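Notes follow once the structure below has been shown.
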Number of protein chains: 2
Amino acid sequence: MEPVNIKKLAQLLNLSIATVSKALRDSYDISKETKEKVVALANELNYQPNPHASSLRKHKSKTIAVIIPEIANNYFTLAINGIESVAQEKGYHVLIYLTHEDYKREVAFARELFNGRVDGALISVAGTTTDYTHFKNLRDKGLPIVFFDRVCDEIDTLKVTTDDFESSYLATKHLIGQGCKKITHFAISSKLSIGNKRKRGYLQAMADHHLPVSDSLIVECINDDDRDIEMIEELFRREKPDGIFAAVERYAMDGYEVCSRLNLRIPQDVKVLSFSNLRIASFLNPSLTTITQPAFDIGKEAAARLLNNLEKKHAPLANESIVFKSSLIQRASTSSI
Amino acid sequence: MEPVNIKKLAQLLNLSIATVSKALRDSYDISKETKEKVVALANELNYQPNPHASSLRKHKSKTIAVIIPEIANNYFTLAINGIESVAQEKGYHVLIYLTHEDYKREVAFARELFNGRVDGALISVAGTTTDYTHFKNLRDKGLPIVFFDRVCDEIDTLKVTTDDFESSYLATKHLIGQGCKKITHFAISSKLSIGNKRKRGYLQAMADHHLPVSDSLIVECINDDDRDIEMIEELFRREKPDGIFAAVERYAMDGYEVCSRLNLRIPQDVKVLSFSNLRIASFLNPSLTTITQPAFDIGKEAAARLLNNLEKKHAPLANESIVFKSSLIQRASTSSI
DNA sequence: ATGTTTTACTCAAACGATTGCGCTGTAAGC
DNA sequence: GCTTACAGCGCAATCGTTTGAGTAAAACAT
């Protein structure tokens, strides 16, 4: 309970507070002997500098914020793993904020970050967000931001994504190649650039193969399983599609559920392909053909870039896009016959 | 970039810093009119108090740490969801630390928490941890700790768990009821109290049903898929079991993998049951019978208790155990025939 | 011997907010 | 008309650390 702070160290060593501080920070104008004595005692007493005092003084918190829509999601989980691994390595602390796809919470979080609690932020935008001034404000205040996965194109900063258009195109093409004629798309919010890209990839592939598309073939899911399943079921009764291209894993599972309810066989009656980072996609019944993103690497890269920028703070983060390639892994859910 | 701090507010309002501070904190000796003016300007300028300054002064950080072994795990993901929900509600911030089951990192994290960065911690112990002095030190320094899931019995504080012994007993009994005679157990570190309880539940059920058990039927997995699968495969070749009781989901999936490699059919040749919080356990091939824990509620309860204790700090957290009930959900992986 | 540099410290002012105490002026009490 | 009370606000210390500027002594140069 008794505080072991720099003052106490100074007292015990008969040195000034300044000397102790400089010794610990390995300043060049403290003698080697003094440094050793100071460090020895600090270790002995398990001295840990008070982060608030030092953050206050230095205007650096050695902390970053991660703002994401949800955490019960393999993609974000893997990304956090990547983020945490580089944070840990570089001695940074990671604060987690979950928006639950809610714009209001996102705004509230952004406001909180104005005050120096964190040195930078890694953000994946909420599905209900349409206005980006809360992020713009952060940016204007000079807080380094890196967007990943669900990026915000309107803000000039680093973005780390996957080749969403290309892989969606590829995915749709794969379904078509397996014999699908009427493919539905379970989309994420078209307000999100990532949602748009995935949808456009799908639309383009359909068009290129002269397959008709219409809005009635697209469900914009909302991350509420009950309601999503309802909408999907309705679409199935109405359109009787023979293929599903899901923009996220969760919706693919909703698709499985609906097929099961409607007694449709996968892949005989309906083929399913989804963006997914589920480690056990191969153990699903049937095993799920996926577009898998290098989520861990994405998180790692985003964090590494951010921290790198924080260390040598000169330039603000460039308005650059880093694009990772995702890969199509074919499994039973899209096999022909 | 220009800092909008309490000083600037004071200047603009022609008031002293003290008055502004007190007005914002709704102190009783500031007039209503002044308060209103202060609050109005603060909102207009989007003033956010510097958390480091106030933490330094108040010795409170409004931040808690969550130390867990891993995050790519549905249990912990759900628990974090629960934790974050109450933290958000009560205005707390959540720092995440992943030990990756590594004792050394756990010790390092614990040391970091000595310095007031956080007001309290929620901990789930790493599998390789055998010595608990790093946590004892925290406790002795007066830092409130709540253990959840993988608790540390040797430390007097609040623990939130599930009825591990009972549900393991039940699980094993279920397998036996479905016709299994030779059940293997994929265990987590026996150094963990939770590992022990699950193992004991299994052993007790086997004993009560007069089935022989031996160490050769138990694999203590280590969270490294390749090596775990190797060990499991070896056990299968050696023992030819007809049932698997996995202490965590991941090992069950390793079991699926091994069965697939050895051309063993589930559930005809081998029945599988596992602790798991996989939302889509029912879509596995075959669907997996699970013991499912109320992970979200566990996280929520643990966090609520911790924060509650932080608010009215008088008494240290009682050495109490809160036990949640988990439920057995029967699916195809254990069906007879 | 005097002047200059180097070495190894210490001083004290920040950083931004909080808070006990004290000061002022007005209103109430007698 | 005097004291007393109290509302409303400011002063200044404090939290623990960092850091530029200052200083005294030792080392070196002239």
Side-chain angles (χ1 to χ4, degrees), chain A residues 1-39 41-42 45-63 91 112-119 141, chain B residues 1-39 41-42 45-63 91 112-119 141:
Chain A
M1 216 65 219
E2 17 38 281
V4 38
N5 50 23
I6 211 169
K7 200 170 179 180
K8 171 160 272 178
L9 288 184
Q11 274 176 8
L12 292 175
L13 290 164
N14 252 334
L15 288 170
S16 77
I17 290 178
T19 304
V20 175
S21 174
K22 286 175 181 167
L24 289 172
R25 324 204 79 247
D26 204 26
S27 162
Y28 60 90
D29 66 16
I30 301 296
S31 76
K32 210 178 158 195
E33 300 80 46
T34 308
K35 277 181 193 169
E36 282 167 0
K37 278 197 294 184
V38 171
V39 170
L41 186 67
L45 301 186
N46 191 21
Y47 165 75
Q48 298 285 115
N50 182 307
H52 304 119
S54 122
S55 294
L56 176 58
R57 181 59 224 255
K58 299 204 293 186
H59 299 283
K60 292 219 158 286
S61 62
K62 279 264 177 183
T63 304
E112 290 246 12
L113 302 186
F114 271 119
N115 55 20
R117 186 181 292 276
V118 299
D119 296 339
K141 287 272 173 184
Chain B
M1 215 65 218
E2 16 42 277
V4 38
N5 51 24
I6 210 168
K7 200 170 179 177
K8 170 160 272 178
L9 288 184
Q11 273 175 11
L12 293 175
L13 289 163
N14 254 334
L15 287 170
S16 76
I17 291 178
T19 305
V20 174
S21 174
K22 286 173 184 168
L24 290 171
R25 323 204 79 248
D26 204 26
S27 161
Y28 59 89
D29 66 16
I30 301 296
S31 76
K32 210 178 158 194
E33 299 80 46
T34 308
K35 278 182 192 169
E36 281 167 1
K37 278 197 294 185
V38 171
V39 170
L41 186 67
L45 301 186
N46 192 19
Y47 164 75
Q48 298 285 115
N50 182 308
H52 304 120
S54 97
S55 294
L56 177 60
R57 182 61 225 256
K58 299 202 293 186
H59 299 284
K60 292 216 157 289
S61 62
K62 278 264 178 184
T63 305
E112 290 246 13
L113 302 186
F114 271 120
N115 55 19
R117 186 181 293 275
V118 299
D119 296 340
K141 287 272 174 184

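All chains are named by letter (A, B, ...) in the order of the sequence lines, taking the proteins before the strands, and each is independently numbered beginning at 1. Computed from a predicted model, the values in this text were never measured in an experiment.
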Rounded to the nearest angstrom, tell me the gap between atom CD1 in B:Ile6 and atom C1' in C:dT19.
-> 12 Å

Taking only the side-chain nitrogens and oxygens of B:Ser21, find out if one of them lies under 4.0 Å from OP1 or OP2 of C:dG16.
-> no

With respect to the side chain of A:Ala18, which nucleotide from C:dA8, C:dC11, D:dC11 is positioned closest?
-> C:dC11

So, does A:Lys35 use its side chain to make a donor-acceptor pair with the main chain of A:Ser27 at under 3.5 Å?
-> yes

Taking atom types as they are modelled, is there a donor-acceptor pair under 3.5 Å from the base of D:dG20 to the side chain of A:Lys22?
-> yes

Calculate the interatomic distance between B:Lys58 atom NZ and D:dC15 atom C1'; express it in whole Å.
-> 13 Å

At under 4.0 Å, does any side-chain N or O of B:Tyr28 touch on OP1 or OP2 of C:dT19?
-> no

In terms of side-chain heavy atoms of A:Ser54, which of D:dT17, C:dA17, D:dC15 is nearest?
-> D:dT17

Can you find a donor-acceptor N/O pair under 3.5 angstrom joining the side chain of B:Lys32 to the base of D:dG8?
-> no

Roughly how many Å is it from CG in B:Asp29 to P in C:dC23, rounded to a whole number?
-> 16 Å

Pick base, sugar-phosphate or nothing for B:Thr34, based on heavy-atom distances below 4.0 Å to the nucleic acid.
-> sugar-phosphate

Write down the distance between CG (B:Leu56) and C1' (D:dA13), rounded to a whole number of angstrom.
-> 13 Å

Within-4.5 Å side-chain heavy-atom neighbours: B:Ser61 and A:His52 = yes

State, to 0.1 Å, how close B:Tyr47 and B:Val4 come at their nearest heavy-atom pair, and which atoms those are.
-> CD1-O, 3.2 Å

Which listed nucleotide (C:dA17, D:dC9, C:dC11) is nearest to the side chain of B:Ser31?
-> D:dC9

Contact class for B:His52 vs. all strands (heavy atom < 4.0 Å): base, sugar-phosphate, or nothing?
-> nothing

Can you check whether B:Arg25 has a side-chain N or O nearer than 4.0 Å to OP1 or OP2 of C:dT19?
-> yes

With the side chain counted from C-beta on, respond yes when A:Val38 and A:Leu13 share a heavy-atom pair under 4.5 Å apart, and no when they do not.
-> yes

Round to a whole Å and report the spacing from CD of A:Glu36 to P of C:dA8.
-> 13 Å

Would you indicate what B:Ile17 reaches in the nucleic acid, counting non-hydrogen atoms under 4.0 angstrom: base, sugar-phosphate, or nothing?
-> base

From CG of A:Asp26 across to P of C:dA8 the rounded distance in Å is 13 Å

Side-chain contact check for B:Tyr47: nearest option of D:dC15, C:dA17, D:dC9 is C:dA17

Atom pair distance, as rounded to whole Å: CG in B:Asn5 and P in C:dA14 = 14 Å

Checking all strands, does A:Asn50 fall into the base, sugar-phosphate, or nothing category for heavy-atom contacts under 4.0 angstrom?
-> sugar-phosphate

Measure from the side-chain heavy atoms of B:Ala53 and tell me the nearest of C:dA17, D:dC15, C:dC11.
-> C:dA17

Can you check whether A:Ile17's main-chain N or O pairs, donor with acceptor, with A:Ser21's side chain at less than 3.5 Å?
-> no

Using modelled atom types only, decide if a donor and an acceptor are shared between the side chain of A:Lys141 and the backbone of A:Asn115 within a distance under 3.5 Å.
-> no

Nearest-Å distance for atom pair CZ/P, residues B:Phe114 and D:dG16 = 17 Å

